[in-house]
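This report refers to the structure that appears directly beneath it.
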Amino acid sequence: MVRWRSETGPAAHILIRISKVRVNTQAVLKRAQQIQSMKTPKKQWQAAWLLKAVTCIDLTTLAGDDTPSNVHRLCLKAIQPVRYDLLKSMDMHDKGVTTGAVCVYPSRVADAVKTLKAANSSLPVASVATGFPAGQTPLETRLQEVRMAVDDGATEIDIVINRMLAITGQWEAMYDEICQFREACGDAHMKTILAIGELGTFTNVYKASLVSMMAGSDFIKTSTGKEAVNATYPVAIVMVRAIRDYFLSTGHKVGFKPAGGIRTAKESLVWLTLIKEELGNDWLCPHLFRLGASSLLADIERQVGPHTKKKHNKRESLIYHHLL
């Protein structure tokens with residue numbers, strides 16, 4: 001898909017090499033169509049895969065009218081994302097099924113941490129930062145925002161890149177900025193948002209993915225959810241191929257997070273299929289795959305419901321336990 005051969009070496013050397021990268025657009029589109037046309041799991045397997053999707057959701061609220069009370073409700077939903085009666089009918093009520101994390105604005109991190117602590121939950125709190133969603137504030141302001149979110153208890157930080165640097169090909173400057181964000185995050189996991197709808201080309205998406213990983217990102221993420229174009233399957237192919245190339249070059253696994261416009265259970269199954277086909281089973285876990293979503297859970301519960309109306313045999317229960 002790309003004319004780039006992985007090799008280890010100093011960051012500056014690789015930055016020079018990626019300037020020559022070109023993505024084969026037709027190959028990307030063809031592969032995305034193949035993924036979308038694949039059969040998704042049915043019956044009890046579908047219910048199991050949907051529970052897997054639940055555990056990978058970053059349950060998110062990023063609204064201008066966020067308050068401590070709606071963040072409180074979000075956290076409680078993240079702790080118990082699927083109705084107890086549905087989980088009990090699947091023999092999964094005592095398996096600790098939660099979402100992957102809750103994701104909020106920096107000013108609401110303390111509210112989320114307080115709620116989860118009161119509920120005796122170790123669920124991660126993720127915070128967007130660095131001038132989300134546009135990333136157009138001064139660098140020191142963006143760095144301070146990261147530090148404040150970490151100080152308030154965020155254990156995951158979703159940063160946004162400076163799109164101007166990517167669009168104009170200033171890859172070394174972009175690398176330097178992300179390295180500074182990485183340092184400001186400390187022990188917190190850093191997810192780097194590319195805002196793919198504003199990068200212009202698949203080639204820019206690939207280069208931005210690679211630079212972000214080189215600078216220490218634990219995840220690369222498609223979108224803020226605020227752009228005109230958010231998570232799409234062709235862009236995902238480009239990003240996960242960059243993840244695969246980086247892994248083959250360094251041996252280091254970086255996670256992937258599509259976000260923006262993911263609302264249906266069927267879509268979540270396609271995303272899981274894409275990850276399984278492109279990166280393998282190792283990435284099918286919250287440590288390496290997240291879905292950024294705010295309304296996806298409701299549809300997943302609706303789709304899981306019919307599978308709980310009949311008595312499950314031992315084999316079906318093993319299916320649920322195996323996937324989770």
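Source: prediction; values computed, not measured.
The closest donor-acceptor contact from the side chain of Gln36 to the backbone of Val270 lies at 3.5 Å or more, if one exists at all. The main-chain N or O of Gln180 is never found under 3.5 Å from a side-chain atom of Glu183 such that the two would form a donor-acceptor pair. In terms of modelled atom types and a separation under 3.5 Å, the side chain of Lys52 and the main chain of Leu284 share a donor-acceptor contact. Side chain of Ser223 to backbone of Gly260: no donor-acceptor contact under 3.5 angstrom is found. Judged purely by atom type and a 3.5 angstrom limit, Thr130 has no side-chain atom pairing as donor or acceptor with the backbone of Arg142.
With rounding to the nearest 0.5 Å, the separation of CG in Leu269 from NZ in Lys276 is 13.0 Å. Rounding to the nearest 0.5 angstrom, the gap separating the OG atom in Ser295 from the CG atom in Leu59 is 9.5 Å. The structure places NZ of Lys30 at 14.5 Å from OG1 of Thr25, a figure rounded to the nearest 0.5 Å. Thr40 OG1 to Trp49 CH2: the interatomic distance, rounded to the nearest 0.5 Å, is 9.5 Å.
Take Thr61 and apply the side-chain hydrogen bond (donor to acceptor under 3.5 Å, both in side chains) test, not counting sequence neighbours, and it matches Asp66. Looking at residues two or more places apart in sequence or on another chain, you find a side-chain hydrogen bond (donor to acceptor under 3.5 Å, both in side chains) between Ser69 and Thr67. Among residues two or more places apart in sequence or in another chain, the side-chain hydrogen bond (donor to acceptor under 3.5 Å, both in side chains) test is passed with Arg31 by Gln34, Glu278. Take Gln144 and apply the side-chain contact (heavy atoms from CB on, under 4.5 Å) test, not counting sequence neighbours, and it matches Glu140, Arg147, Met148. In this structure, the side-chain hydrogen bond (donor to acceptor under 3.5 Å, both in side chains) partners of Arg83, at least two apart in sequence or on a different chain, are Asp85.
Relative ring orientation between Tyr246 and His252 is described as perpendicular, the plane-to-plane angle rising above 60° on a 0-90° scale split at 30° and 60°.
Counting only residues at least two apart or in different chains, salt bridge (charged side-chain N to carboxylate O under 4.0 Å, His left out) contacts with residues 188-208 comprise Asp58-Lys191, Glu156-Lys191, Asp158-Lys191, Arg163-Glu198. Applying the ring-ring contact (aromatic ring centres under 6.0 Å, His included) test to residues at least two apart or on different chains, none of the pairs has a partner in residues 209-231. Within the structure, side-chain hydrogen bond (donor to acceptor under 3.5 Å, both in side chains) pairs that include any residue of residues 225-239 comprise Thr224-Glu227 (at least two apart or interchain). Every pair tested for salt bridge (charged side-chain N to carboxylate O under 4.0 Å, His left out) that includes a residue from residues 123-136 fails, sequence neighbours excluded, so the list is empty.
By the 4.5 Å heavy-atom criterion applied to side chains, Leu288 and Phe256 are not counted as neighbours. Under the 4.5 Å side-chain criterion, counting only non-hydrogen atoms from C-beta, Val113 is not in contact with Asp152. Looking at Val23 and Thr201, their side chains never come closer than 4.5 Å, going by heavy atoms from C-beta outward.
Closest approach of Ala166 and Ile161 over heavy atoms only: CB-CD1, 4.2 Å. Between Met213 and Ala242, the shortest heavy-atom contact is CE-O, 3.3 Å. When every heavy atom of His189 is checked against every heavy atom of Asp218, the shortest pair comes out as CA-OD2, 3.3 Å. For the residue pair Ser268 and Leu50, the shortest heavy atom distance occurs at OG-CD2, 3.6 Å. The heavy-atom pair separating Val102 from Ala112 by the smallest distance is CG2-CB, 4.4 Å.
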Please tabulate, one pair per line, all N/O donor-acceptor pairs under 3.5 Å involving side-chain atoms of residues 115-127, not counting sequence neighbours.
residue : atom : partner : partner atom : Å
Thr115  : OG1  : His72   : ND1          : 3.2
Thr115  : OG1  : Asp111  : O            : 3.2
Ser121  : OG   : Leu123  : N            : 3.1

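Residue Tyr105 shares its hydrophobic cluster (ILVMFWY side chains chained together at separations under 4.5 Å) with Leu62, Val128, Phe132, Val160, Ile193. Other residues sharing a hydrophobic cluster with Tyr84 under the 4.5 Å side-chain heavy-atom criterion for ILVMFWY residues do not exist; the residue is a singleton.
In summary, of the residues considered (Ser212, Ser209, Ser217), a side-chain hydrogen bond (donor to acceptor under 3.5 Å, both in side chains) with Thr192 occurs for Ser217 alone.
Both cation-pi conditions hold for Lys253 and Trp283: the charged atom is under 6.0 angstrom from the six-membered ring centre and inside a 45 degree cone around its axis.
Note on Glu301 versus Lys77: salt bridge recorded, some NZ/NE/NH1/NH2 to OD/OE distance being below 4.0 Å.
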